[in-house]
Amino acid sequence: MTYSFQFRDVFAAWEFLLEGLVLTLELSLVTMVLGLVIGLAGAAARVYGAPWLKRIVAVYVETIRNTPLIVQLFLIFFGLPSAGLKFDANTAAMIALSINLGAYSIEIIRAGLEAIPRSQIEAGQSLGLSPVQIYRYVIIFPALKMMFPALSSQFVLLMLATSVVSQISAQDLFHMASIIQSRTFRDFEVYILVAAAYLILALLFRLAFAGIYHFVFARR
Amino acid sequence: MIRELSYIDVLYLIAATRWTLALTAIAFLGGGIVGLAIALLRVSSLAPLRWLGAIYVHAVQGTPLLAWLFVFFFGLSIFGFTVSPWLAAAAAYSIYAGAFLGEIWRGCLQAIPRTQWEAGASLGLGFTQQLRYIIVPQALRLAIPPTVGFLVQLIKNTSLAAVIGFIELTREGQLTTATTFRPFTVYLIVAAIYFALCFPLTQWSRRLERRLHVAR
């Protein structure tokens, strides 16, 4: 039971960890933007689209939400090359994560859109707003405001889930951890440190989202 | 050696699904016990206990499940325990599921109006009695749909146990891919099996939720 923690070798490899951290951040931010775009477009299609379009979006959402992310990742990275589509690990990770987050975002934003009362839209029409203005001011903005807490916690979960991309050798923070582990054999120290790094990242993201909510939504 | 992908492989994949289900069951049981404790801590009348519960939830929900798996699998062995993938997975998933279930159940407990507690107190019931006879029976009805929903998350997340060599559906898929070199087909089948497990539960959870809203 006498184990002395030695962080020295782990800290000596800080450049690796920093490099991994940068990719984790990049992956998270790009995925959040793409996921939000897919979510907005998909939710609009799901609520206001033609019946066939609604069905396609529903199938997409249900397929993604009922299968594990790691299997989606393996399908895209290991599976698609046999169909002639080859991506490097980081690109495959970004695609898989965006497709995954997109499905969850659609479901969340859809709930927001459906909660906008019909009378609000009619009120907008009676004020002479154009359909685009109605969509922007009467539908999307209040819906996003309402769904912001759910959406932001989904985004934080996504940031944590990016660790899974280490399994297709995308060079994120978690992957760098396993490289350091295999070089220093300081398993416990590395993973504790990385877990702490994710925890801090999660806190920072939550803070950032609270800030966004405050400046974009709360004042109007 | 490379061989052809045949129906035997599909049968093996289906057979490996039982370990996915077994791990889900263990995680749900362990997570349920931890979750119950956390939910109770979070509604406790003592502030330090509430903080303890909150710290636990934030710490676990702010770290990747993968990190917990690795900490238990690689970490515990340095203290002289021989850690099997089973033990590491059971511990990591109990901790993970405990945080989420605790948070879900706390929400359900707090959804019961304060006046119900007070009514119990005015009848002379103690804290545990109020909980046992008044709050929990009502909260339970609210808790079932989101708990079933989380079960879907749990089934999907057991796939991560594959990375520490725990043989379940995803790991079996990796092994099958290694011998047949047909990743697209194999992972498609794996995904289909997960879908077959999760989709009915998702639908059930939705139906339960709708029924709850009608009842109110």
Side-chain angles (χ1 to χ4, degrees), chain A residues 1-5 24 61-83 85 153 156-157 159-167 172-174 177-178 181 185-206, chain B residues 20 58-81 100 103 149 152-153 155-163 168-171 173-174 177-178 181-203:
Chain A
M1 262 309 275
T2 49
Y3 181 82
S4 56
F5 285 93
T24 291
V61 170
E62 293 303 326
T63 312
I64 298 300
R65 279 171 37 104
N66 287 298
T67 49
L69 171 62
I70 196 170
V71 176
Q72 295 160 10
L73 207 56
F74 284 171
L75 253 179
I76 288 174
F77 187 64
F78 297 119
L80 282 188
S82 61
L85 277 169
S153 56
V156 172
L157 284 181
M159 188 277 292
L160 297 175
T162 57
S163 59
V164 175
V165 306
S166 59
Q167 299 308 311
D172 76 321
L173 183 55
F174 210 85
S178 56
Q181 179 226 352
F185 296 106
R186 291 281 157 205
D187 315 310
F188 208 41
E189 287 90 333
V190 170
Y191 288 115
I192 289 282
L193 198 68
V194 166
Y198 277 104
L199 189 58
I200 293 168
L201 272 185
L203 288 175
L204 289 179
F205 269 95
R206 287 214 179 95
Chain B
T20 290
H58 282 288
V60 175
Q61 292 194 346
T63 42
L65 173 58
L66 215 51
W68 287 100
L69 278 169
F70 277 62
V71 162
F72 276 104
F73 188 60
F74 293 114
L76 283 188
S77 56
I78 60 175
F79 293 111
F81 298 106
F100 283 85
E103 208 49 6
V152 175
Q153 299 289 106
I155 293 177
K156 286 188 296 174
N157 277 330
T158 55
S159 61
L160 293 185
V163 305
E168 38 68 74
L169 182 50
T170 302
R171 183 80 190 131
Q174 287 178 314
T177 306
F181 276 89
R182 296 282 299 278
F184 193 66
T185 321
V186 170
Y187 289 126
L188 222 47
I189 295 169
V190 169
I193 296 175
Y194 276 110
F195 187 82
L197 291 178
C198 295
F199 187 62
L201 280 177
T202 309
Q203 295 297 90

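Below, chains carry the letters A, B, ... as their sequence lines are ordered, and counting in each starts from 1.
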Honestly, the part of A:Val164 sitting under 4.5 Å from a heavy atom of chain B is both
Check each atom of A:Leu80 against the heavy atoms of chain B and say whether the ones under 4.5 Å are side chain, backbone, both or neither. both
Nearest atoms (heavy-atom pairs only) where A:Thr67 meets B:Lys156: O-CD, 3.4 Å
For residues B:Ser159 and A:Ile70, report the shortest heavy-atom separation together with the two atoms involved. OG-CG2, 3.3 Å
Nearest-0.5 Å distance that lies between atom CD1 in B:Ile155 and atom CG in A:Asn66: 9.5 Å
Which bit of A:Glu62 is near chain B, if near means a heavy-atom gap under 4.5 Å: side chain, backbone, both or neither? both
Output for pair (A:Leu199 CG, B:Gln61 CD), nearest 0.5 Å, gives 11.5 Å
Interchain contact, A:Ser82 with chain B, by part (heavy-atom threshold 4.5 Å): side chain
Would you say that B:Leu66 contacts A:Ser166 through its side chain, given a criterion of any heavy-atom pair below 4.5 Å between the two side chains? yes
For B:Val152, is it the side chain, the backbone, both or neither that has a heavy atom under 4.5 Å from a heavy atom of chain A? side chain
Which bit of B:Leu188 comes within less than 4.5 Å of chain A, counting heavy atoms only: side chain, backbone, both or neither? both
Could you tell me which of B:Thr185, B:Thr170, B:Asn157, B:Leu201 has the largest number of non-hydrogen atom pairs under 4.5 Å with chain A? B:Thr170
Is it the backbone or the side chain of A:Phe174 that comes under 4.5 Å from a heavy atom of chain B, or both, or neither? side chain
Under a 4.5 Å heavy-atom cut-off, does chain B meet the side chain of A:Gln72, its backbone, both or neither? neither
Correct closest heavy-atom pair for B:Phe195 and A:Thr63 would be CE1-CA, 3.8 Å
Might you point out which heavy atoms bring A:Arg206 and B:His58 nearest each other, and give the distance in Å? NH1-ND1, 4.0 Å
Quick one: closest heavy-atom pair of B:Gly62 and A:Ala202, and the distance? O-CB, 3.7 Å
Taking all non-hydrogen atoms of both residues, which atom of B:Thr63 and which atom of A:Tyr198 are closest, and how far apart? CA-CB, 4.4 Å
At what distance, to the nearest 0.5 angstrom, does CZ of B:Phe72 lie from CZ of A:Phe188? 8.0 Å
Parallel, tilted or perpendicular for A:Phe74 and B:Tyr187, by the 30°/60° rule? tilted
Side-chain contact, heavy-atom cut-off 4.5 Å: B:Leu169 with A:Val71? no
